[in-house]
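Working notes, beginning with the structure itself.
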Amino acid sequence: MGFFDFLTEEIAIDLGTANTLIIHNDKVVVDSPSIVARDRISNKIIAVGQEAARMQGKTHENIKTIRPLKDGVIADFDASEKMISLFIKNIPALKKKLFPPSLRMVICIPSGITEVEMRAVKESAERVNGKEVYLIHEPMAAAIGIGVDIMQPKGNMIVDIGGGTTEIAVIALGGIVCDKSVKVAGDVFTNDIVYYMRTQHNLYVGERTAEKIKIQIGAATEDLEVPPEEMSVQGRDLLTGKPKQVQISYREVAKALDKSILRIEDAVMETLSQTPPELAADIYNTGIYLAGGGSMLRGLDKRLSQKTDLPVYIAEDPLRAVVRGTGITLKNLNKFKSVLIGKKN
Ligand SMILES: Nc1ncnc2c1ncn2[C@@H]1O[C@H](COP(=O)(O)OP(=O)(O)O)[C@@H](O)[C@H]1O
Ligand SMILES: [Mg+2]
């Protein structure tokens, strides 16, 4: 604790491919889509988060919406830096301050990002007054957020299904023992639905509509115990060019998603097969924990459980498990120093 610590504010950031969340003073103060809108002529960022998300799919030629972290890598450095800085600057409690406070932060990053990208995130954070900036890998933060005691000599398996990537990790003694990151997650599910509607119904739907279908009636299996009602979907008829509506059931969505879910199942099986036997024995008892928005797909937990013969648990509030874990790490920097990237011992 330094003398000027009262001038320092602490924030925890989950920089997700789909959503960015920030905790400040134990509260989630930012929960926004990781999207920016840019004016093509002036090259200025004109909106971030929710506001930019509303423009998605409805832009004209002068405005472009960008998902800077789309596939679990930083696709657009400049846009991601502006996004991080605007989210931080808009935290209400910090906005009120006369001087911008210096920040101590822990940022959770997708584990697929490279050293260069990590440095870029860190530097972006430093440019918005980050005096102490630490990074943490996503599955680690998810595990902490779920409430797993990661320091124990005991294996736990975490599967975090986000927007761009599914991150699978076996964690023990505060480290990642084996892991796998596949680029099959929520975004791919959404695209599967766009493709299915086009090929099976001749209906052209946008990504936002497809995501709505996924959330409202999406399923990972065709035999759900509590099936959701059919849904009316509107889009453009590919044959006539006219707007059209069709009814679809969760079974169709399950068909559309089947191949992608199979790929996630395979990745989980592969990670299990690489797990050292003592840790595999632990996982036999503890099961698999799911986090991330994708884990809310109906029946996915059951399907994974049948495939692996293991109990599968969905984290409480799975969209916030990672930021919760990042927040816990921030408050216990010393305890978790071994899992932080950039913390001097
Ligand atoms: N109820 C739901 N069922 C299925 N998918 C969902 C649901 N809610 C959100 N999602 C999906 O979860 C993904 C976002 O999850 P999130 O954990 O925030 O990702 P990231 O960490 O990559 O930002 C999106 O693809 C979104 O469509
Ligand atoms: Mg995430």
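Start at 1 and go down the list; that is how both ligands and their atoms are numbered. Model, not experiment: these values are computed from the prediction.
- For residues 271-284, there are no side-chain hydrogen bond (donor to acceptor under 3.5 Å, both in side chains) pairs, not counting sequence neighbours.
- Pairing each heavy atom of Leu297 with each of Gly218, the nearest pair is CD1-C, 3.8 Å.
- Within the 4.0 Å heavy-atom shell around ligand 1 one finds Gly294.
- If you look at Leu319 next to ligand 1, the close heavy atoms, those under 4.0 Å, all belong to the side chain.
- The two residues Gln234 and Val205 make their nearest non-hydrogen contact at O-CG1, 3.8 Å.
- Minimum heavy-atom separation, Lys70 to Thr17: O-CB, 3.7 Å.
- Counting heavy atoms from C-beta on, the side chains of Thr114 and Val73 never come closer than 4.5 Å.
- Counting heavy atoms closer than 4.0 Å to ligand 1, residue Met296 contributes atoms from both its backbone and its side chain.
- Test Arg127, Glu126, Lys131 against Asn129 for side chain to side chain donor-acceptor pair (under 3.5 Å) and you get one pass: Lys131.
- Taking a cut-off of under 4.0 Å to the non-hydrogen atoms of Gly292, the atoms of ligand 1 that pass are 17 (O).
- Taking atom 5 (N) of ligand 1 as the reference point, the nearest protein heavy-atom neighbour is Gly293 O, 3.5 Å.
- The protein non-hydrogen atom at the shortest distance from atom 18 (O) of ligand 1 is Asn19 ND2, 2.7 Å.
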Exercise for review: Would you please test Glu10 and His24 for side-chain hydrogen bond (donor to acceptor under 3.5 Å, both in side chains) and show each step?
Suggested key: CA-CA 6 Å; Glu10 299 190 317; His24 174 244; over 6 Å; no
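- Looking only at protein heavy atoms, the nearest one to atom 19 (O) of ligand 1 is Gly163 N, 3.1 Å.
- Considering only non-hydrogen protein atoms, atom 22 (O) of ligand 1 sits nearest to Thr17 OG1, 2.5 Å.
- Here the closest heavy-atom approach between residue Gln56 and residue Thr65 is recorded as CG-OG1, 3.5 Å.
- The Mg ion (ligand 2) has Glu138 OE2 as its protein N, O or S neighbours under 2.8 Å.
- In terms of protein heavy atoms, atom 26 (C) of ligand 1 is closest to Glu211 OE2, 3.2 Å.
- Contact annotation: the side chain of Ile91 approaches that of Ile11 to within less than 4.5 Å [non-hydrogen atoms, C-beta and beyond].
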Check your understanding: Between Ile168 and Asp179, is a side chain to side chain contact (heavy atoms under 4.5 Å, CB included) present by the stated rule, with each step listed?
Key -> CA-CA 5 Å; Ile168 304 159; Asp179 66 338; over 6 Å; no
